[in-house]
Amino acid sequence: MVNKAPGEMAGYAVGQHFDQKERNNFYDMMRRIGWHESAVDIEEPTNSIVWEKSVLDADGFDRPAKQLIITLNDKDVIESFTYINYDLD
């Protein structure tokens with residue numbers, strides 16, 4: 001995933017309603033490109049959608065390499081995107 005501009009990601013933008021049809025399309029796209037839905041982190045707000053892309057480390061353990069967090073408001077409108085690229089060294 002590459003942010004095109006602040007507040008915009010792969011055709012989705014801050015302020016856009018993220019209804020169930022949009023979520024299904026987004027989930028299908030993410031799975032096709034090798035991402036998986038993350039277990040909900042207790043520190044993340046409950047209105048966040050969290051996706052991860054993992055790699056095997058030198059010891060053979062599956063470790064998150066990248067994470068994408070989409071935060072929605074209570075009306076299912078996108079409030080923010082957070083993209084994290086973990087340093088695995």
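Rounding to the nearest 0.5 Å places CD1 of Ile70 at 6.0 Å from CD1 of Ile78. Between the CE atom in Met30 and the CD atom in Glu52 there is a gap of 10.5 Å [rounded to 0.5 Å]. If you take CD on Gln67 and OH on Tyr83, they are separated by 11.0 Å, rounding to the nearest 0.5 Å. Taken from CD in Gln20 to CG in Asn25, the straight-line distance is 10.0 Å, to the nearest 0.5 Å. Remark: Arg63 CZ to Leu56 CG distance equals 11.0 Å, nearest 0.5 Å.
The shortest non-hydrogen separation linking His17 to Glu22 is O-CG, 4.3 Å. Heavy atoms only, all atoms of each residue included: Ser54 and Asp62 are closest at CB-OD1, 3.0 Å. When all heavy atoms of His36 and Trp51 are compared, the pair lying nearest together is C-CE3, 3.2 Å. For the residue pair Ser80 and Val14, the shortest heavy atom distance occurs at CA-CG2, 4.1 Å. Heavy atoms only, all atoms of each residue included: Thr71 and Ser48 are closest at OG1-OG, 3.6 Å. The two residues Trp35 and Leu68 make their nearest non-hydrogen contact at CZ3-N, 3.8 Å.
One N or O on the side chain of Lys53 and one on the backbone of Ile33 form a donor-acceptor pair closer than 3.5 Å. A donor-acceptor pair is defined here as one N or O able to donate and one able to accept, closer than 3.5 Å; such a pair exists between the side chain of Asn73 and the backbone of Lys75.
Partner of Phe18 under the ring pair (Phe, Tyr, Trp, His ring centres under 6.0 Å) criterion, chosen from Phe81, Tyr27, Phe26: Phe26.
Transitive grouping of hydrophobic side chains (ILVMFWY, heavy atoms separated by less than 4.5 Å) keeps Val77 and Val50 in distinct clusters.
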